Every structure is written in structure tokens, then in C-alpha cells.
Number of protein chains: 2
Amino acid sequence: MKQLSTGGIETLSLRALARELGVSHAAPLRHFSTKADLLQALAMDGVTQMIGSTAAATEELCGLERLRRMAEGYVEWARNNPAYHMVLRNPDVMRHASDALRQTLEDFARVQRKEIEVAQAQGWRSEERPQVLFVHLVALMAGSAIVATDPIYKAPVAQLLQPGDIDASLELFLRMPED
Amino acid sequence: MKQLSTGGIETLSLRALARELGVSHAAPLRHFSTKADLLQALAMDGVTQMIGSTAAATEELCGLERLRRMAEGYVEWARNNPAYHMVLRNPDVMRHASDALRQTLEDFARVQRKEIEVAQAQGWRSEERPQVLFVHLVALMAGSAIVATDPIYKAPVAQLLQPGDIDASLELFLRMPED
DNA sequence: CACCTCATGTAGACACCGACAACATACCCG
DNA sequence: CGGGTATGTTGTCGGTGTCTACATGAGGTG
């Protein structure tokens, strides 16, 4: 159906894609009726892959540890798939997300909320309101991925940002209080 | 020179801009030699304004309280200036940021790092490495602004996200441990 | 005043793009 | 066999960024 991320991309153009595949300029429109459709498909693909390499890979864990590994895995996925990550960062793409994409993201959020509950039952920040922890987690994951990948955020930190710093930052939030 | 944000925008086009101003299609190129130049100017404008309404407005504060107000102010600014915020979120724009823009951001980061030092001296997370706190702060601010403004992040939280939740989330990090 | 220069605006052209329509081809299934 | 569906092709349209050549006017200098 499609071989994505053929080259390091993101001046994506349907016509360039057609050229790359050696087909006529309008051929891609048979598969994606509009350019937004293509980006939708890429976003869905990216989200599926991201969830596959975070939530699924931590299925045997639970509670706080699972949350930490999920967050670390998310940042690592963003690092390893900058093209997909850029698509997911694009507000214009996500604003018109399909119902299926929204549903997938909601399922992912549900897992996070469930594990927050478990972690709280295990004594992690048990006095906090769960939705505040959830918002914090989501913001921290999204922001850490950006800091880890976007050159403009790397610049102000320059050499100061050592390899493990982002994981250490995630752990500031995702660790037991008595550690 | 320019009246920006004439309408709620971000299918920005030099020709549309020219039409809006009642000039010929190539006139804007006299002021911004390329479209990327225009976005650069917008980004610089946005960053200047953002810093003006956060760092400057908290000048009389210091340490932890200043950091908290800066973070809250940043999120509020993003909420109130979605168009500017979208420009600053765009990786393609920021990747080619001018030296002046980089310098401005670096100055902003310097203030944050200084206040982190002050806060640590006041007993806030004094055992942590400063750069880890800095990375955490930057990620949290960037992520919170996105969660606060991007519909795709609002959706999974739905009505669960109450007005004060994001501030409460920021406070999870930016508060004294004994509170 | 004459003259030059620079900033600004204009018109035209080019290549690229997304999208649409009309037509061709091939394949599957009743 | 025959028709429908999926896929691809060519051609076209309007829109866009950018370049070039040309106009015009303001300001300063001789």
C-alpha cells in the first residue's frame, strides 16, 4: 500500500510522492482522496506504532513502573521516528483527526489513567487528584519528546543536556516519594 | 510595518496577505524576502511578546514563586495567543531560527536557570541536579501549553479537565516539598 | 535645481502544488 | 460472458512562492 518514510521527509507532496514511486501525478489521489487524508493515515500509522512500542512492550508491568517505562519509551520512540513524531506534533493534522485516531488515543489515555490509579493504590502520590496527575503525565511526556527532538530546545541547553537527563527528569515525577 | 494576526490565521499565504492589504501579489516580498522570513519575524514577535508577558511581569518575584508564575504565565499566554503559539510550535519554523531569536530564547532560559538556582538555595529540591530540573521545567511548560490549547489533547481528557487542573499540575513540580 | 539612490510597489512569468474530470485498463465475481 | 470496481493516466484549473524587469516617489547631494 505504501512505503512510508522513504527518505527523511516532511516537505511532503503528493506529486513528489508520485514521482518517487514512478507513477503519474494524480495516482496517489486514488489511495488518499486528499492530502489531509494522507497525513491522517500517517498519523494513524504513527500512533499505532508508538502505542505498539510503548504500551504493549510494558504489558507485563503495572503501576508506577509501567508509567515510567511508557514515558521513557515514548520519548525514545519520538527520537527514533522523528518523521512520525513531526506528523503527530502538527496541530493542523491532529485537529482533523479521524474518529478512529481519536479512539486509539483515548484507549491509550485510558491505560495511562488506569496505571495512575494502580500507582496511587501502591502509595505513589496517593493524596493527589488523579486527573491532575494525568494532565501532568501527558504534558510531561509531550514536552519531553519535544525537548529531546527539537533543535530549538536543544540549543538553549547545549552541551548541558547529558544523555540520561531526560529520563532523570521523567523520574522526578514518576518515582516513589520515599526514594 | 505590519499588522499581524489580522484574522485568526494559519493558512498564511504571502499572496493572501497582499490581497488583504490591497497591494500587488509580490509587494510583501519587499519586506520579507521569503515566506520563511515572514514566519521568522512572526516567531521573533511571538517570543518577544511571550517573554514580555511572563519574565518581565514576574520581575519583582524570585526563586520558586517566580518560576511558578512564569510557567502559569506561559500557559496563559499560549491560551490567549494561539496563532503565535502555533508558529512557535512549528518545528520547520524554529529549526531555521535566526541568531537573534536563538539569543532571545537563550536569555529566557538563563533567567529560568538562575531562578532554579535561587529556588534550590531556598530549599526546593536542593538535592537534584540543576540541569535535570531545568529540562523538567522546560518540558513541563511546553507540554502544558500544548495540552491547554490543542484540541487533540483536550479530547482524551474531555470534561475531566477542570479549569485549575493545569495550574495544579504545574504546582506538582513547582512547590516546596513540605507543603 | 538637477541628479542619483534607495525603498517600495507593480506586472508578468515560471515551476510547483492540490484537486478535479474524463478516459483507459485490468481484475474479480455473479 | 459481462458488468462493476479498483487503479492509473492525461489534461486542466486555480492558487502559491519566487524571480525579473520596470515604474515611481522621497530624500539627500552636487
Side-chain angles (χ1 to χ4, degrees), chain A residues 1-48 82-101 151-152, chain B residues 1-48 82-101 151-152:
Chain A
M1 186 82 167
K2 42 200 152 97
Q3 52 268 42
L4 307 167
S5 57
T6 56
I9 330 170
E10 266 344 296
T11 35
L12 192 53
S13 126
L14 291 176
R15 290 173 106 108
L17 179 64
R19 247 175 281 128
E20 221 166 304
L21 299 180
V23 292
S24 73
H25 67 262
L29 290 176
R30 293 292 166 187
H31 304 269
F32 310 99
S33 65
T34 200
K35 182 176 184 178
D37 259 39
L38 169 62
L39 291 174
Q40 280 298 312
L42 282 173
M44 188 64 182
D45 230 55
V47 165
T48 303
Y84 276 125
H85 185 229
M86 285 241 276
V87 174
L88 300 192
R89 277 182 63 182
N90 188 314
D92 286 328
V93 174
M94 301 308 278
R95 180 174 12 258
H96 309 100
S98 67
D99 287 348
L101 179 50
I152 198 66
Chain B
M1 185 80 166
K2 42 200 150 95
Q3 52 268 42
L4 307 167
S5 57
T6 56
I9 330 170
E10 266 342 297
T11 35
L12 193 52
S13 128
L14 291 175
R15 290 173 106 109
L17 178 65
R19 247 175 280 131
E20 219 166 306
L21 301 179
V23 293
S24 74
H25 69 264
L29 290 176
R30 293 292 166 188
H31 304 268
F32 310 99
S33 65
T34 200
K35 182 176 184 177
D37 258 40
L38 169 60
L39 292 174
Q40 280 299 311
L42 281 173
M44 189 61 182
D45 230 55
V47 165
T48 303
Y84 276 126
H85 185 228
M86 285 240 277
V87 174
L88 299 192
R89 278 182 62 182
N90 188 314
D92 286 328
V93 174
M94 300 309 279
R95 178 171 17 253
H96 308 100
S98 66
D99 288 348
L101 179 51
I152 197 66

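Excluded from the calculations below are hydrogen atoms, water molecules and symmetry mates; all remaining heavy atoms, backbone and side chain alike, are included. Below, chain A is the first sequence line, B the second, and so on; all start at residue 1. Quick caveat, the model's predicted, so the values are computed rather than measured.
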Is the shortest side-chain heavy-atom distance between A/L42 and A/L39 below 4.5 Å?
yes
Tell me whether the OP1 or OP2 atom of D/dG17 has a side-chain N or O from B/S13 closer than 4.0 Å.
yes
Are OP1 or OP2 of C/dG18 and a side-chain N or O of A/T34 less than 4.0 angstrom apart?
no
Options [options], nucleotide nearest the side-chain atoms of [X]:
X	options	answer
A/A26	D/dT10, C/dA11, C/dT8	D/dT10
A/H31	C/dA19, D/dT7, C/dT10	D/dT7
B/S24	D/dG8, C/dG9, C/dC17	C/dG9

Option passing side-chain contact (heavy atoms from CB on, under 4.5 Å) with A/P28 (candidates A/L21, A/D37, A/L14):
A/L14
Output for pair (B/R19 CZ, B/H25 NE2), nearest 0.5 Å, gives 11.0 Å
Give the C-alpha distance, both sets of side-chain angles, the deciding distance and a yes or no for side chain to side chain contact (heavy atoms under 4.5 Å, CB included) between B/L38 and B/L12.
CA-CA 10 Å; B/L38 169 60; B/L12 193 52; 3.8 Å; yes
Nearest-angstrom distance from the residue atom [atom1] of [X] to [atom2] of [N]:
X	N	atom1	atom2	value
B/L14	D/dG15	CG	C1'	13 Å
B/R19	C/dG9	CZ	C1'	17 Å
B/R15	C/dC16	CZ	P	16 Å
A/K35	C/dC20	NZ	C1'	17 Å
A/L29	C/dA22	CG	P	16 Å
B/L17	D/dG15	CG	P	17 Å
A/F32	D/dT7	CZ	P	11 Å
B/L39	D/dG17	CG	C1'	12 Å

Look at the side chain of B/H25 and the base of C/dG12, then say whether one donor and one acceptor between them are separated by less than 3.5 Å.
yes
So, under a plain 3.5 Å distance rule, would you say the side chain of A/R30 forms a donor-acceptor pair with the base of D/dT5?
no
Taking A/F32's backbone N and O only, do any of them form a donor-acceptor pair with A/Q40's side chain (distance below 3.5 Å, no angle check)?
no
